[in-house]
Every structure is written in structure tokens, then in C-alpha cells.
S.K.: 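First the structure, then my questions, so here it is.
Keep in mind that the numbers below use all heavy atoms, side chains included, and drop hydrogens, waters and symmetry copies.
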Amino acid sequence: MTSLWMATDSAPEPYPALNQPATFDVAVLGGGIAGLTTALLCQRAGLYVGVIEAARVASGVTGNTTAKITALQEPVYAHVAEDYGPNAATAYATANIAAVDTIARLVDELGIECSFERQPAYTYATTSEGAEELVRELEAARAAGLDVVPTDETGLPFDVTSALRLDDQAQFHARRYCHGLARAIVKSGGEIFENVRATRVKSGDPCVVETDHSEIRARDVVVATHIPFMYRGLFFAKTRPSRSYALAARWDGASVAGMYLSADAPVRSVREHREDGRTWLIVGGESHKTGQSDDEEEHYEALRKWGAAHFGIERFEFEWSAQDLISPDALPLIGTATAMTPHVWVATGFRKWGMTNATAAAEMISTGIQGEEHPLIHVFSPRRHPLATLKRIGGEVVDTVARMAGDLAPSSETEKASPGEGVVERRGRDKVAVYVSEEGTTFELSAVCTHLGCTVAWNDAEHTWDCPCHGSRFAVDGTVIEGPATKPLERIEQERKGA
């Protein structure tokens with residue numbers, strides 16, 4: 001499964017690995033849009049910055065986004081105002097609008113060729129229930145300072161009950177944008193290291209980052225790894241991992257003239273991408289908690305059928321999925337990890353709107369690292385504890401405990417893997433993750449997630465082992481794909497070739 005962005009962008013020469021201990025003013029962990037933007041802003045402020053990426057720059061969530069840059073999202077402003085009051089909703093709107101402008105400015109200043117173009121954003125409804133929710137969202141968004149316009153006219157080829165429109169938003173090729181940021185970081189004296197996984201952060205003066213290569217020391221550490229992998233701060237319990245899916249096809253029909261997201265379930269996302277005289281139509285949706293779908297492939301099929309029914313698309317050339325962290329109260333978590341770690345910063349919980357929220361996080365964190373307090377950062381503090389948030393976190397904890405208890409329950413069921421499939425087999429007290437390749441090679445791993453011990457589940461669409469508790473994902477050979485886990489699944493025995 002390859003995203004449109006990964007397929008249409010040639011990766012630059014690899015950045016080096018970290019082969020010896022290094023010292024920086026700021027160590028940024030994560031080479032996606034959050035980490036790279038933070039690094040660039042700090043480097044521009046005269047700080048010596050090192051970026052550590054576990055794989056390749058912009059190959060994770062940022063390389064698998066739908067790449068919309070907008071402050072108009074799914075209904076969020078009414079919920080934030082209800083939980084925190086109108087000032088918090090205004091802060092969220094202000095941060096996201098500022099992020100749109102920051103991206104536009106950096107594209108222009110750095111001359112990044114990334115198909116950046118201004119587009120209106122729409123949130124639309126096709127049911128009366130969705131229309132009622134948009135009425136509430138319109139009032140809250142306007143109160144938050146957004147020039148949202150109600151309309152029933154869109155560029156979609158099907159009828160909508162109602163819609164909200166916010167003009168002068170944007171879309172781009174997110175991966176090319178990130179490569180532009182990376183070039184600017186190195187050009188200004190910063191350093192980037194690829195294929196280096198951070199495994200531990202020790203707060204102190206200086207902070208120490210342990211990696212699977214060498215050690216790093218820095219006055220400030222920014223954990224922009226999508227989900228913070230440290231146990232400190234309990235971010236794995238404060239967020240919910242959610243997978244969603246996207247498809248892209250060549251498009252010769254009438255332009256949809258904007259970026260779209262439905263307020264109704266199942267959620268559907270639509271936008272176009274233009275380059276080299278060609279137009280692609282991207283449709284997305286089908287969210288579910290990571291590791292908790294019985295059949296991931298059926299989500300792709302649902303989008304294929306929707307694209308065929310509404311746009312007449314017979315074949316999608318690219319299909320991919322992404323993982324997002326959902327905060328319990330719709331606001332991202334941005335700031336110092338805990339009160340006892342003033343130089344360890346985190347940015348997570350972007351709720352599928354990472355282009356703007358990650359950029360806003362970079363603005364706030366880089367300001368804090370320079371010794372000033374960003375005027376909005378208190379709203380997004382990871383240490384906020386309203387009653388509504390605690391109730392939602394409690395629900396996630398109950399779900400996790402229930403799954404872990406189920407993992408411990410006795411079971412006599414044993415299913416064997418067919419070629420191209422993976423199953424979890426029970427062998428006495430042990431659970432073994434078994435994958436058999438199409439060529440007959442068998443991989444056997446411990447099915448126990450190395451984060452907190454939940455049993456992983458087979459993802460039939462991506463051919464990965466996914467943890468249903470906190471979203472860690474592993475390749476068929478046990479390698480970590482996504483955290484919070486930092487260690488691979490334990491190898492039971494060497495893979496063997498079938499007869």
C-alpha cells in the first residue's frame with residue numbers, strides 16, 4: 001500500500017545515521033511536519049538543532065495524510081466551547097488559521113515546489129442530523145473568529161443537505177513540503193539523522209536521549225514522534241489511536257473546487273491534487289480504533305464502492321492508510337510533558353488535522369524553547385484535566401483493561417495461517433503471532449506487544465501486527481513500525497521456508 005505522496009516524490013539521498021555521541025541546543029525526535037517545522041523555527045532563532053528520525057523523513061503519518069491545510073474541520077468548535085468555553089474555541093481557531101499562513105509563508109520564502117494552492121474548505125451534511133450539527137458548528141465557529149459561510153452549493157456531484165464553507169484555506173503535497181523544510185534545516189546549519197530510533201529520554205541539565213545508535217545531549221528535547229514513547233506523562237492513555245484510509249484515482253471529471261469532509265457518519269473526505277497537467281481525486285474515511293477491526297480490507301472496499309457510486313471511478317491507482325492520535329477533548333496536547341520536565345516538550349493528539357495542528361505546535365514549542373511563553377499554549381497544555389476529559393480517558397482505560405483481561409483468559413481456539421495471512425496461535429500459555437508469506441516462508445513472533453503486554457492483532461490490509469490497546473504496529477518480522485513501543489516483537493524462531 002503506497003500513498004499518492006510517496007509514489008510521486010523521489011526521496012533525496014539518505015541523511016546519515018548517528019554514529020557517535022552528539023550535543024545540540026535542541027534535539028527534535030521525529031522527522032514529520034511537526035518535528036521539521038519545530039526544528040526549522042528553532043534553527044532560525046540561532047539554536048543548534050539535531051533531528052532524529054526512526055525511518056526516513058516524511059515517511060510516516062505526514063507521508064500518508066490527505067494533506068489538507070484548514071481551520072475548518074469536522075465539527076469541533078462547538079465541542080471545544082462546551083468543554084472549555086468560547087475563549088478556548090477562539091484559541092483553537094486562531095492557532096489553526098495562523099498555521100495556514102505559516103505554511104504559505106514558508107512555501108514562499110523557501111521556494112518549495114509542493115503544489116501549494118489556496119482552496120475553500122467545506123464541511124457538509126447529507127442528513128437532517130448532520131445539518132443540525134452544522135447549525136451549532138456555524139455559531140461556534142463564527143464566535144471563534146472564523147468567517148464561515150453557510151451554503152447548500154458545493155462542487156460535489158451529489159446533493160447535500162447543507163454545508164459550511166471557509167475560504168482561503170489550502171492544500172499541498174505534504175511530503176515535498178517536508179523535504180523542503182529538511183533542506184532548509186541543513187542549509188542553515190542544523191543536522192538530520194535517519195534510521196535512528198530514540199528509545200529513552202532522561203530529563204535533566206542537559207537532557208539525554210538514548211537511541212539504538214549513539215547518545216544525544218541537548219538542553220531541550222522535542223518529542224514529535226506522533227505519540228510520545230515515554231511512559232512519563234501517560235500519553236498512550238491520554239490519546240486514542242485511530243486508523244483511516246484513502247484512495248487516489250486519475251480524475252477527468254468536473255472539478256470539485258474545494259476540500260470536503262462530511263459531518264455525517266460514515267465520514268467521507270474529498271479533495272483533488274494537480275501536478276504535471278494531471279488531476280487526482282482523493283477520497284478518504286473509514287476510521288476505526290487501531291487493532292480493533294475484524295477486516296481492514298473491507299474499509300478499502302467501502303471507499304472503492306463509494307468512489308464508484310458518487311464519482312464513477314472504476315479503478316484507484318493508490319490506496320493507503322494512516323494512523324492518527326485522537327485526544328479525548330478535541331484539542332491537541334502541546335507543551336512540556338510534565339511539570340517536572342520543563343525541557344522535554346511534546347506535540348501529539350492532532351485528531352487527523354496534523355498539517356495545521358503540527359505547525360501550530362511548532363510555533364508554540366519553538367517560542368517556549370526561546371524562553372518566551374506563547375500566548376495560546378496554556379489552552380493546549382498536556383496537563384489540563386477537566387471533568388469531561390477525565391471521563392473520556394476513563395473510557396479508554398476501561399477498554400484497555402478489558403482487552404488485557406481478555407488476553408489472559410484461557411482459550412482452546414487455534415487457527416492456522418494460510419499463505420499471505422497471519423494468525424495468533426495459542427501454544428500452552430504462550431500466544432504466537434504466525435505469518436506465512438505467499439512464497440511459504442513462516443515468521444513466528446511473540447504476540448505480546450512490547451509496550452504494555454497486550455496481544456497484537458493481524459491487519460489483513462497492511463500485513464502488519466497491530467496492538468488494539470495503544471496502537472503500536474509491527475512488521476511481519478517484528479520490527480517496530482509505529483510506537484509507543486520501541487522494541488520489536490520477540491522472535492520465537494528463525495523464519496523457515498515451506499516445502
S.K.: Give a yes-or-no answer on whether the side chains of S321 and R243 include a donor-acceptor pair shorter than 3.5 Å.
M.R.: yes

S.K.: So, using side chain to side chain donor-acceptor pair (under 3.5 Å) as the criterion, who are the partners of T102 when residues are at least two apart?
M.R.: E363

S.K.: Just so I know, are the side chains of T348 and H226 near enough to count as touching, which here means a heavy-atom distance under 4.5 Å?
M.R.: no

S.K.: Ignoring hydrogens, what is the shortest heavy-atom contact between V51 and G30? Give both atom names and the distance.
M.R.: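 The pair with the smallest heavy-atom distance is CG1-O, 3.8 Å.
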
S.K.: Do W458 and H463 have ring centroids that are under 6.0 Å from one another?
M.R.: yes

S.K.: Is Y122 close to V160 at the side-chain level, that is, under 4.5 Å between some pair of heavy atoms?
M.R.: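 When only atoms from C-beta onward are counted, Y122 and V160 do not touch, as no gap falls below 4.5 Å.
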
S.K.: Does a donor on one side chain sit under 3.5 Å from an acceptor on the other, for Y124 and D264?
M.R.: no

S.K.: Could you check whether any side-chain N or O of T239 sits under 3.5 Å from a backbone N or O of I326, counting only pairs where one atom can act as donor and the other as acceptor?
M.R.: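 Between the backbone of I326 and the side chain of T239 there is no qualifying donor-acceptor contact (under 3.5 Å).
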
S.K.: Counting only heavy atoms not in D147, do more than 12 sit closer than 6.0 Å to its CG atom?
M.R.: no

S.K.: Looking at L29, V28, V209, which one forms a side-chain contact (heavy atoms from CB on, under 4.5 Å) with V223?
M.R.: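 Option passing the side-chain contact (heavy atoms from CB on, under 4.5 Å) with V223: L29.
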
S.K.: Is a donor on one side and an acceptor on the other found under 3.5 Å between the side chain of T356 and the backbone of V100?
M.R.: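 Between the backbone of V100 and the side chain of T356 there is no qualifying donor-acceptor contact (under 3.5 Å).
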
S.K.: Would you indicate whether the side-chain heavy atoms of I334 and V346 approach each other to under 4.5 Å?
M.R.: no

S.K.: How long is the span from the CD atom in Q169 to the CG atom in L166, to the nearest 0.5 Å?
M.R.: 4.0 Å

S.K.: Which heavy atom in A182 sits nearest to a heavy atom in V57, and how many Å separate them?
M.R.: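 Distance-wise, the nearest heavy atoms are CB-CG1, 4.5 Å.
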
S.K.: If I compare all heavy atoms of A198 with all of F229, which pair ends up nearest, and what's the gap?
M.R.: CB-CZ, 3.7 Å

S.K.: Would you name the heavy atoms of T37 and L181 that are closest together and state the gap between them?
M.R.: OG1-CD1, 3.5 Å

S.K.: Could you walk me through whether W320 and W5 pass side chain to side chain contact (heavy atoms under 4.5 Å, CB included), step by step?
M.R.: CA-CA 10 Å; W320 68 96; W5 320 121; 4.1 Å; yes

S.K.: Would you give the length of the straight line joining atom CD of E53 to atom CG of L36, rounded to the nearest 0.5 angstrom?
M.R.: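 The CG atom of L36 is 8.0 Å from CD of E53, to the nearest 0.5 Å.
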
S.K.: Between Y92 and Y77, does the ring centre distance come in under 6.0 Å?
M.R.: yes

S.K.: Should the SG of C454 and the SG of C469 be checked, would they turn out to be under 2.5 Å apart?
M.R.: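 Cysteines C454 and C469 qualify as a disulfide pair, their SG atoms being under 2.5 Å apart.
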
S.K.: Looking at residues at least two apart in the chain, or sitting in another chain, which of them share a side-chain contact (heavy atoms from CB on, under 4.5 Å) with E133?
M.R.: P75, H79, R136

S.K.: Supply the atom-to-atom distance Q171 CD to I103 CD1, rounded to the nearest 0.5 angstrom.
M.R.: 12.5 Å

S.K.: Distance from Q119 atom CD to M259 atom CE, nearest 0.5 Å?
M.R.: 6.5 Å

S.K.: State which residue, out of V221, I369, V26, fulfils the side-chain contact (heavy atoms from CB on, under 4.5 Å) condition with W345.
M.R.: I369

S.K.: Only counting residues at least two apart or in another chain, list the ones meeting side-chain contact (heavy atoms from CB on, under 4.5 Å) with R142.
M.R.: L138, P150

S.K.: Could you go step by step and tell me if L281 and R271 meet the side chain to side chain contact (heavy atoms under 4.5 Å, CB included) rule?
M.R.: CA-CA 6 Å; L281 186 74; R271 63 155 287 200; over 6 Å; no

S.K.: For Q323 and P241, which heavy atoms make the closest approach, and how far apart are they?
M.R.: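 Minimum heavy-atom contact is NE2-CB, 4.0 Å.
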
S.K.: Start with the C-alpha gap between T62 and T65, add the side-chain angles, then the distance that decides, and say whether side-chain hydrogen bond (donor to acceptor under 3.5 Å, both in side chains) holds.
M.R.: CA-CA 5 Å; T62 302; T65 177; over 6 Å; no

S.K.: Please determine if R118 and D167 form a salt bridge, counting it only when a charged side-chain N lies under 4.0 Å from a carboxylate O.
M.R.: no

S.K.: Does any donor atom in the side chain of S472 or E482 lie under 3.5 Å from an acceptor atom in the other side chain?
M.R.: no

S.K.: Do side-chain atoms of T2 reach the backbone of A7 as a donor and acceptor pair under 3.5 angstrom?
M.R.: no

S.K.: Report, as yes or no, whether the 6.0 Å neighbourhood of atom CD on E153 holds more than 12 heavy atoms from other residues, nucleotides or ligands.
M.R.: no

S.K.: Under a 3.5 Å threshold, yes or no: a donor from one side chain and an acceptor from the other, between S242 and K352?
M.R.: yes

S.K.: Kindly indicate whether the side chain of R473, heavy atoms from C-beta on, has any atom under 4.5 Å from the side chain of W465.
M.R.: no

S.K.: Is it the case that T338 and T341 place a side-chain donor and acceptor less than 3.5 Å from each other?
M.R.: yes

S.K.: Side chain to side chain contact (heavy atoms under 4.5 Å, CB included) between E373 and I377: does it pass, once the steps are laid out?
M.R.: CA-CA 7 Å; E373 183 175 86; I377 197 167; 3.9 Å; yes

S.K.: Keeping R384 on the side-chain end and F380 on the backbone end, is there a donor-acceptor pair under 3.5 Å?
M.R.: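 Yes.
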
S.K.: Under a 3.5 Å distance rule, please check whether Y300 uses its side chain to pair with a backbone N or O of A246 as donor and acceptor.
M.R.: no

S.K.: Answer yes or no: is there a donor N or O on one side and an acceptor on the other, between the side chain of N357 and the main chain of W353, under 3.5 Å?
M.R.: yes

S.K.: Identify whether the distance between the nearest side-chain nitrogen and carboxylate oxygen of E298 and K305 falls below 4.0 Å.
M.R.: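 No salt bridge links E298 with K305.
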
S.K.: Say you draw a straight line from CG of L40 to SG of C178; how long is it, rounded to the nearest 0.5 Å?
M.R.: 11.0 Å

S.K.: Which atom pair, heavy atoms only, marks the closest approach of M6 to A58?
M.R.: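 Residues M6 and A58, closest heavy atoms: SD-O, 3.9 Å.
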
S.K.: With a 4.5 Å cut-off on side-chain heavy atoms, are I282 and L4 touching?
M.R.: yes

S.K.: Decide side chain to side chain contact (heavy atoms under 4.5 Å, CB included) for V480 and F474; before the verdict, give the C-alpha distance in whole Å, the side-chain angles of both, and the deciding distance to 0.1 Å.
M.R.: CA-CA 5 Å; V480 177; F474 305 86; 3.9 Å; yes

S.K.: Could you tell me whether the side chain of T464 and the main chain of D466 form a donor-acceptor pair under 3.5 Å?
M.R.: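 Checking the backbone N and O of D466 against the side chain of T464, no donor-acceptor pair under 3.5 Å is found.
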
S.K.: When you check the side-chain N and O atoms of W280 and E275, is any donor under 3.5 Å from an acceptor?
M.R.: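 Distance-only check fails for W280 and E275.
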
S.K.: Contact between R165 and V148 at the side-chain level, heavy atoms closer than 4.5 Å - yes or no?
M.R.: no

S.K.: Would R44 and E109 pass as an ion pair if we require N to O under 4.0 Å?
M.R.: yes

S.K.: Do other residues, nucleotides or ligands put more than 12 heavy atoms under 6.0 Å from E317 CD?
M.R.: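 Yes, the 6.0 Å shell around CD holds more than 12 heavy atoms from other groups.
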
S.K.: Is it the case that more than 12 heavy atoms not belonging to E117 sit under 6.0 Å from its CD atom?
M.R.: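 More than 12 heavy atoms, drawn from other residues, nucleotides or ligands, come within 6.0 Å of this atom.
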
S.K.: Ignoring hydrogens and angles, state whether a donor on the side chain of T8 or H173 is under 3.5 Å from an acceptor on the partner side chain.
M.R.: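 Yes, because at least one side-chain N or O of T8 sits under 3.5 Å from a partner of the opposite role on H173.
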
S.K.: Between D252 and R250, is there a salt bridge with N-O shorter than 4.0 Å?
M.R.: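 Salt bridge between R250 and D252, a charged N being under 4.0 Å from a carboxylate O: no.
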
S.K.: Report yes if some heavy atom in the side chain of K68 is under 4.5 Å from a heavy atom in the side chain of M355; otherwise report no.
M.R.: no

S.K.: Do any N or O atoms from the side chain of Q43 and from the backbone of V49 form a donor-acceptor pair under 3.5 angstrom?
M.R.: yes

S.K.: Answer whether the closest heavy-atom distance between the side chains of S244 and D324 falls below 4.5 Å.
M.R.: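 A side-chain contact exists here, since the closest heavy-atom pair is under 4.5 Å.
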
S.K.: Any luck finding a side-chain donor-acceptor pair between E286 and H288 under 3.5 Å?
M.R.: no

S.K.: Ignoring hydrogens and angles, state whether a donor on the side chain of T123 or Q73 is under 3.5 Å from an acceptor on the partner side chain.
M.R.: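 Note: T123 and Q73 side chains miss the donor-acceptor criterion.
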
S.K.: Is it the case that T336 and R383 place a side-chain donor and acceptor less than 3.5 Å from each other?
M.R.: yes

